[in-house]
**Q** 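Could you have a look at this structure, given as structure tokens, before my questions?
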Amino acid sequence: MRTSKTGLLREAGEIARRAFGLDGTVHPLAGEIDSNFRISGSGECFLLKLAPACRTSVAELLTACLHHLATAKLPVSVPTLVPPAPLDCPPGDVPGAAPGARLCYPAHPALVPVSYAGAPHTVCAMTWIEGTLLAEAGAASPPSLLEELGAALACVDAALAGFEHPELERDFAWRMEGAPETIRRYLPEVERGAELVAAMVDRSLARLAPLRRLLPRTVIHGDANGHNVLVRSSPSGVRLAGIIDFGDVQSGWRASEVAIAAAYAMMDRSDPVAAACAIARGYSTVAPLSPEECAATLSLAALRLCLSVAVQPHQIREDPGNEYLAVSQVPAWRLLRSLAELEWRTAESRIREACGRASCL
């Protein structure tokens, strides 16, 4: 029998209390696969993340990544792990526990095995970063804020340069280097616009063909969309507050980091290339982008958009009640149509100039 929403909230609250010693009001949050909750009380808020057992290796990657970043000097806030509470728990809480066993949560790693919604999960908790979603600012966000985001992403990537984990090379839907194959796999499920997506993939791959082996690789955040970037008001205007959700962290092309952020920043703008230039300019102030990376940025951004419109319809059919999966579909299609009419060589030249490189025209 399915657990009610109220029952799931109660379960999540009990897990937060027993696993991490966190008491407070439980608020459900949007998410692609994992179940996320905000725990608020006593003037503090925390994020509780429950991952199905099939995603334990990814949950381990996430917590290892945040543990690695905990000592990094970053210009922007990122979540900090909450250590599990050293509390005994009855055997029913942990799948596979021996009858009568008394289990004690370790101080590290930060993951705890639990039963949630009648199935095995792993859970972690992290600090809550206050701010407004960049997605809510949308096209109103100024170029200076996008430059700040680009610079912050470069700092995060620099901090992740020494991070190692086997799951960084995992094959998953949002891995940029496997984007063409993923898009083609899901393309038959795209009801309208499949021809546009196929043409954009071909155009992007043709531009990337001479560049691919020249693109530097590193560990990247991999998902700096407007729902994973937080901003705040300040006397000098809107400023960057935080970068969240490291669940898509991956080893890949450094230019993909810039391109992913640019793909979302370009949505619903009268001059989308200017937004891509601002992201790239900011990134280059910390880690100068090579001419090849500048040339690849627009093609990679187009591939990211194609991924979004190809993969998410399948996800929506699999999980029709998850409204989060559809948040970027309409603006992504609009931007794809705009990019289809754009002169890419001119746009690539603008990105090069924004990064202090000579024009390619």
Side-chain angles (χ1 to χ4, degrees), residues 1-56 58-60 62-63 66-67 77-95 97 103-133 135-136 223 226-230 232 241-247 315 319-327:
M1 186 173 67
R2 261 188 145 173
T3 308
S4 68
K5 289 184 178 180
T6 302
L8 292 177
L9 288 177
R10 191 181 302 113
E11 269 194 74
E14 182 64 11
I15 289 170
R17 185 184 66 79
R18 297 177 68 179
F20 301 98
L22 303 177
D23 279 308
T25 305
V26 183
H27 308 268
L29 301 171
E32 182 181 359
I33 301 174
D34 299 337
S35 297
N36 303 301
F37 302 91
R38 186 180 75 214
I39 312 296
S40 56
S42 303
E44 287 187 289
C45 291
F46 299 90
L47 173 69
L48 190 76
K49 177 176 279 290
L50 287 143
C54 62
R55 283 175 49 84
T56 296
V58 178
E60 290 172 348
L62 169 63
T63 53
L66 293 181
H67 179 70
S77 295
V78 298
T80 302
L81 293 168
V82 176
L87 299 174
D88 291 335
C89 64
D93 277 7
V94 181
L103 302 172
C104 186
Y105 301 136
H108 188 77
L111 281 174
V112 177
V114 295
S115 177
Y116 170 72
H121 282 68
T122 54
V123 61
C124 65
M126 59 194 75
T127 54
W128 181 267
I129 300 173
E130 293 294 342
T132 302
L133 295 177
E136 295 178 9
D223 195 18
H227 290 82
N228 291 336
V229 178
L230 298 167
R232 57 178 171 78
I243 296 175
I244 60 175
D245 194 354
F246 283 74
Q315 293 179 323
D319 188 8
N322 190 343
E323 297 179 0
Y324 174 76
L325 297 174
V327 293

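Because the structure is predicted, anything quoted here is derived from the model rather than measured.
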**Q** Apply the test side-chain contact (heavy atoms from CB on, under 4.5 Å) to residues Val123 and Tyr116: give CA-CA distance (whole Å), side-chain angles for both, the deciding distance (0.1 Å), then the verdict.
**A** CA-CA 9 Å; Val123 61; Tyr116 170 72; over 6 Å; no
**Q** Can you check whether Val82 reaches Phe46 side chain to side chain, under 4.5 Å on heavy atoms?
**A** yes
**Q** Who pairs with Phe37 by ring pair (Phe, Tyr, Trp, His ring centres under 6.0 Å), at least two apart in sequence or on another chain?
**A** none
**Q** Hey, does Ile244 have a side-chain heavy atom less than 4.5 Å from the side chain of Leu47?
**A** no
**Q** Are any side-chain N or O atoms of Thr122 and backbone N or O atoms of Thr56, one a donor and one an acceptor, separated by less than 3.5 Å?
**A** no
**Q** How close do Leu8 and Ala117 get, counting heavy atoms only, and between which atoms?
**A** CD2-CB, 3.6 Å
**Q** According to salt bridge (charged side-chain N to carboxylate O under 4.0 Å, His left out), does anything in residues 122-131 pair up with another residue at least two apart or in another chain? List the pairs.
**A** none
**Q** Just so I know, are the side chains of Leu62 and Lys49 near enough to count as touching, which here means a heavy-atom distance under 4.5 Å?
**A** yes
**Q** As an exercise, state the distance from CD of Glu44 to OG1 of Thr127, rounded to the nearest 0.5 Å.
**A** 10.0 Å
**Q** If you take all heavy atoms of Ala85 and Arg18, which pair is closest and at what distance?
**A** CB-O, 4.3 Å
**Q** With rounding to the nearest 0.5 angstrom, report the OG to CD distance, Ser35 to Glu11.
**A** 10.0 Å
**Q** How close do Arg55 and Ile33 get, heavy atom to heavy atom, and via which atoms?
**A** CD-CG2, 3.4 Å
**Q** Do Phe246 and Asn228 make a side-chain contact, defined as non-hydrogen atoms from C-beta onward lying under 4.5 Å apart?
**A** no
**Q** State, yes or no, whether a side-chain contact exists between Phe20 and Leu48 at a heavy-atom distance under 4.5 Å.
**A** yes
**Q** Calculate, to the nearest 0.5 Å, the distance between atoms CD and CG belonging to Glu32 and Asp223 respectively.
**A** 8.0 Å
**Q** Please name the pair of heavy atoms, one in Glu136 and one in Thr132, separated by the smallest distance, quoted to 0.1 Å.
**A** OE1-CG2, 3.2 Å
**Q** Hey, what do you get for OG1 (Thr63) to CG (Leu111), rounding to the nearest 0.5 Å?
**A** 4.0 Å
**Q** Could you tell me the separation between the NE2 atom of His121 and the CG atom of Asp34, rounded to the nearest 0.5 Å?
**A** 8.0 Å
**Q** To the nearest 0.5 Å, tell me how far His27 NE2 sits from Leu9 CG.
**A** 9.5 Å
**Q** Of all heavy-atom pairs between Ile129 and Gly242, which one has the smallest distance, and what is that distance?
**A** CG2-CA, 4.3 Å
**Q** Is there a side-chain contact between Leu230 and Leu133, using heavy atoms and a 4.5 Å cut-off?
**A** yes
**Q** Got Pro28 and Asn36 here, is their nearest side-chain heavy-atom distance under 4.5 Å?
**A** no
**Q** For a quick test of reading the model, state the closest non-hydrogen atom pair linking Ile15 to Ser115 and the distance between them.
**A** CD1-O, 4.0 Å
